[in-house]
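Notes follow once the structure below has been shown.
We name chains A, B, ... by the order of the sequence lines, and we start the count at 1 in each one.
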Protein chains: 2
Amino acid sequence: MLSKKTRYAFRALSYLGENYGKGPILISDISKAKKIPLKFLENILNELKKADLLESKKGKGGGYSLKVSPKKINLATVIRVINGPIALLPCVSLNFYERCEDCDETYCGIRKVMTITRDATLKILEKKTLHDIIFASI
Amino acid sequence: MLSKKTRYAFRALSYLGENYGKGPILISDISKAKKIPLKFLENILNELKKADLLESKKGKGGGYSLKVSPKKINLATVIRVINGPIALLPCVSLNFYERCEDCDETYCGIRKVMTITRDATLKILEKKTLHDIIFASI
DNA sequence: TAATATCCTACCAATTTAGTAGGGGATATT
DNA sequence: AATATCCCCTACTAAATTGGTAGGATATTA
């Protein structure tokens with residue numbers, strides 16, 4: 001399950017995507033529009049910025065904006081930044097790999113299935129972008 | 001990510017699958033063979049029993065055994081019993097559905113993607129069985 | 001009735017989640 | 001230069017979840 005924080009991230013990014021090209025957007029605007037607790041949102045946007053998905057500007061006229069077009073931000077990237085691994089087991093994660101104790105990976109049946117599952121999931125989440133979720137309703 | 005408990009469940013079920021048809025197996029045997037803390041395993045097996053995947057017998061000569069053949073126990077079922085929802089959002093879960101607040105499901109783009117993801121995942125996890133993970137190495 | 005083995009209730013420490021509080025620092029305007 | 005604006009950073013906290021442990025109750029067999 002994705003955390004509430006991740007769902008907030010998607011909603012905030014959608015708002016920024018809808019306003020892409022219009023200059024910096026205030027945290028407080030996003031907070032109001034998407035009903036996300038302000039200080040929590042501050043934290044989320046900052047993490048997305050550190051992950052290079054957003055850029056920010058301080059002072060009057062400042063705010064956050066997408067660093068690249070909504071078509072270039074895929075959902076797998078967002079989930080990894082805010083939620084963590086996409087795979088169901090650490091030993092099949094591409095970005096957060098951790099070895100299993102007491103398990104020979106070559107012969108582990110669970111690992112084989114979880115690898116297939118990971119690939120199927122990634123095929124979708126890496127293809128779908130912010131643009132897709134913004135304009136899904138049309 | 002699947003919990004440690006779920007991974008224990010898979011390992012315990014694999015052991016029971018390997019010994020299918022041999023009568024009741026002791027919790028302590030599974031615990032030793034698969035290196036799972038005894039009392040924790042007790043709890044896990046009991047939950048699997050309540051979910052109708054195992055049957056148990058008390059007293060001397062007792063223990064746990066699979067209620068049906070390893071070919072009839074799919075991984076999605078096990079995950080749902082021990083880990084919970086398979087979907088990435090409650091609003092797209094088939095077995096643990098919960099409505100989103102502040103979201104029109106008909107037009108929610110995130111929901112659409114997460115539905116596709118869920119279906120792709122289930123297609124694999126509902127098809128793969130205990131038998132598959134036991135004999136994956138061959 | 002004694003031994004065996006599961007079942008049940010309750011507890012516990014560590015970690016994660018979902019925030020809140022408050023000030024610091026950069027920027028723009030007046 | 002002063003001030004208002006707005007992001008940035010550190011620290012704290014309550015509640016829930018995770019990963020167990022302890023101990024006795026209950027059922028079964030010999």
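Scanning all heavy atoms of the two residues, the minimum distance from K49(A) to L54(A) falls at CG-O, 3.5 Å.
Neither OP1 nor OP2 of dA26(C) sits under 4.0 Å from any side-chain N or O of K60(A). Side-chain nitrogen and oxygen atoms of N46(B) include none within less than 4.0 Å of the OP1 or OP2 phosphate oxygen of dT6(C). Between Y8(A) and dG19(C), a side-chain N or O to OP1/OP2 separation shorter than 4.0 Å is present. Between S56(A) and dC8(D) there is a side-chain polar atom (N or O) within less than 4.0 angstrom of OP1 or OP2.
In this entry the distance linking CG of N43(A) with C1' of dG19(C) reads 9 Å, nearest Å. The CG atom of L41(B) sits 11 Å away from the P atom of dG20(D) (whole-angstrom rounding). What separates NZ of K57(B) from C1' of dA30(D) is a distance of 12 Å, to the nearest Å. Regarding I25(A), its CD1 atom lies at a distance of 15 Å from the C1' atom of dC7(D), rounded to whole Å. Straight-line distance from the CE atom of M1(A) to the P atom of dT17(C): 14 Å, rounded to whole Å. Put simply, CD1 on I82(B) is 12 Å from P on dT18(D), counting in whole angstrom units. Following rounding to the nearest Å, K5(B) (NZ) and dT15(C) (C1') show an atom-to-atom distance of 16 Å. Here dT27(C) presents its C1' atom at 14 Å from CG of L26(A), a figure rounded to the nearest Å.
Ion pairing between a basic and an acidic side chain is recognised when a charged N comes within 4.0 Å of a carboxylate O; K50(A) and E47(A) show no such pairing.
For the pair R118(B) (side chain) and L88(B) (backbone), a donor-acceptor distance under 3.5 Å is absent. Looking only at distances, no side-chain donor or acceptor of Y64(A) sits under 3.5 Å from a matching main-chain atom of S56(A).
To the nearest 0.5 angstrom, I79(A) atom CD1 is 7.5 Å from T6(A) atom OG1.
Checking L2(A) against K58(A), the closest nucleotide of DNA chain C that is more toward the 5' end is the one next to L2(A).
Among the atoms of the strands shown, none is found under 4.0 Å from any heavy atom of L45(A).
A donor N or O paired with an acceptor N or O is found under 3.5 Å between the base of dG22(C) and the side-chain atoms of K39(A).
Relative to the side chain of K50(A), the nucleotides dC6(D), dG20(D), dC9(D) differ in distance, and dC9(D) lies closest. Which of dT6(C), dG20(D), dA18(C) sits closest to the side chain of F40(B) comes down to dG20(D). Closest to the side chain of E42(B), from the set dG23(D), dG20(D), dT27(C), is dG23(D).
Of the nucleotides present, dA1(D) is the one that pairs with dT30(C) by Watson-Crick or G-U wobble criteria, both distances under 3.5 Å.
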